Amino acid sequence: MQVTLAKSAGFCFGVTRAVDLVYHQIKDNEGPIYTYGPIIHNEEVVKDLESKGVQVVNDLSELKKLKKGTIIVRSHGISEKEYQLIKENGFQIVDATCPFVLKIHKLVEQYSKKGYYVIIIGNQAHPEVQGICGWVSGKNVSVMNSLEEAQKFQLESDMPVCIVSQTTFNLNKFKDMVEILQKKGYDIIVLNTICSATEERQTEARELAKKLDAMIVIGGKNSSNTQKLFEICKNECANTYYIQTSDDMDYTKLKSVNNVGITAGASTPKNIIEEVSKNVRNEL
Ligand code: SF4
């Protein structure tokens with residue numbers, strides 16, 4: 001019986017930085033502290049911050065009714081307009097946008113200003129993608145999430161095309177979508193902006209899922225990178241479980257397996273991963 005914990009499981013660099021920034025603000029900042037959206041997709045961490053007085057602002061229209069203070073921008077980043085709106089409402093900004101996301105903001109801004117049509121491969125509903133869209137100069141931008149959408153895409157002009165990706169997108173799917181778009185004969189520049197933390201986590205998860213009897217993927221139900229990890233593992237190993245905390249797992253299901261792999265999304269705290277690992281080992 002073997003339990004393998006993925007080396008890449010848990011907080012990535014950008015999430016560690018964002019969460020640390022909030023805790024530093026709690027220590028150093030006396031005014032009200034708000035995060036624009038939950039700082040990470042993890043209910044446990046958000047609850048702990050709330051207990052320390054950090055409030056979540058879900059919509060900037062709420063700012064008018066709030067006592068002035070500091071707004072922390074989370075690792076997903078925001079659009080240029082949102083930065084302006086926060087400042088206009090008299091709030092301080094502490095920017096925890098991951099540097100890898102900031103790089104995409106700069107790229108789409110530069111390329112759109114140079115006359116490129118921007119294609120963002122990612123989920124339109126994800127705040128990171130919405131933030132990236134907000135840095136494209138003009139309206140020449142499309143977001144697509146599937147091979148079908150890539151196939152259907154038609155550019156109505158002869159503009160050159162710049163393709164970027166949501167940082168947490170599945171690498172193989174990104175490559176497949178790019179291949180479809182490249183066959184359309186546009187003048188294309190491809191910028192693979194999937195972050196290496198995501199690539200490493202996905203590759204390691206895939207390798208583990210290929211060889212092990214069962215996989216446990218831990219992460220918030222709204223965490224897009226955890227959902228993708230689950231997809232990848234489930235493709236390789238039918239016996240894959242998606243849980244948020246140890247309480248969600250029925251460990252008796254692992255009775256008949258010889259080995260189990262554990263991985264976790266970028267916003268899963270270490271203590272949850274450790275608890276799941278401990279319980280799996282106890283069960284085995
Ligand atoms: S997954 Fe990558 S891009 Fe996203 S926050 Fe973490 S380090 Fe930054």
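Values reported hereafter were calculated over all heavy atoms of this structure, with side chains retained and with hydrogens, waters and symmetry mates removed. Predicted model only: the values in this text are computed from it and were never measured. First listed ligand is number 1; within each ligand, the first listed atom is number 1.
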Any N/O/S atom from Cys98 (main chain or side chain) under 2.8 Å of atom 8 (Fe) of ligand 1?
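Yes.
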
Just to confirm my output: which protein heavy-atom neighbour is closest to atom 6 (Fe) of ligand 1, and how far is it?
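Checked against all protein heavy atoms, atom 6 (Fe) of ligand 1 sits closest to Cys12 SG, 2.2 Å.
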
Testing Val73, Val22, Ile72, Ile71 one by one against Val94 for a side-chain contact (heavy atoms from CB on, under 4.5 Å), which residue passes?
Ile72

Just jot down the ligand 1 atoms closer than 4.0 angstrom to any heavy atom of [X], in number order.
X      : answer
Gly14  : 5 (S), 6 (Fe), 7 (S), 8 (Fe)
Cys195 : 1 (S), 2 (Fe), 3 (S), 7 (S)
Thr198 : 1 (S)
Phe100 : 2 (Fe), 3 (S), 7 (S), 8 (Fe)
Thr167 : 3 (S), 4 (Fe)

Between the side chains of [Y] and [X], is the shortest nitrogen-to-carboxylate-oxygen separation below 4.0 Å, so that they form an ion pair?
X      : Y      : value
Lys113 : Glu109 : yes
Glu50  : Lys47  : no
Glu148 : Lys152 : no

May I ask you to establish whether Lys114 and Tyr111 are in a cation-pi arrangement, using a distance under 6.0 Å from NZ or CZ to the six-membered ring centre and at most 45° from the ring axis?
yes

In terms of hydrophobic clusters joined by side-chain contacts under 4.5 Å, are Val54 and Phe11 together?
yes

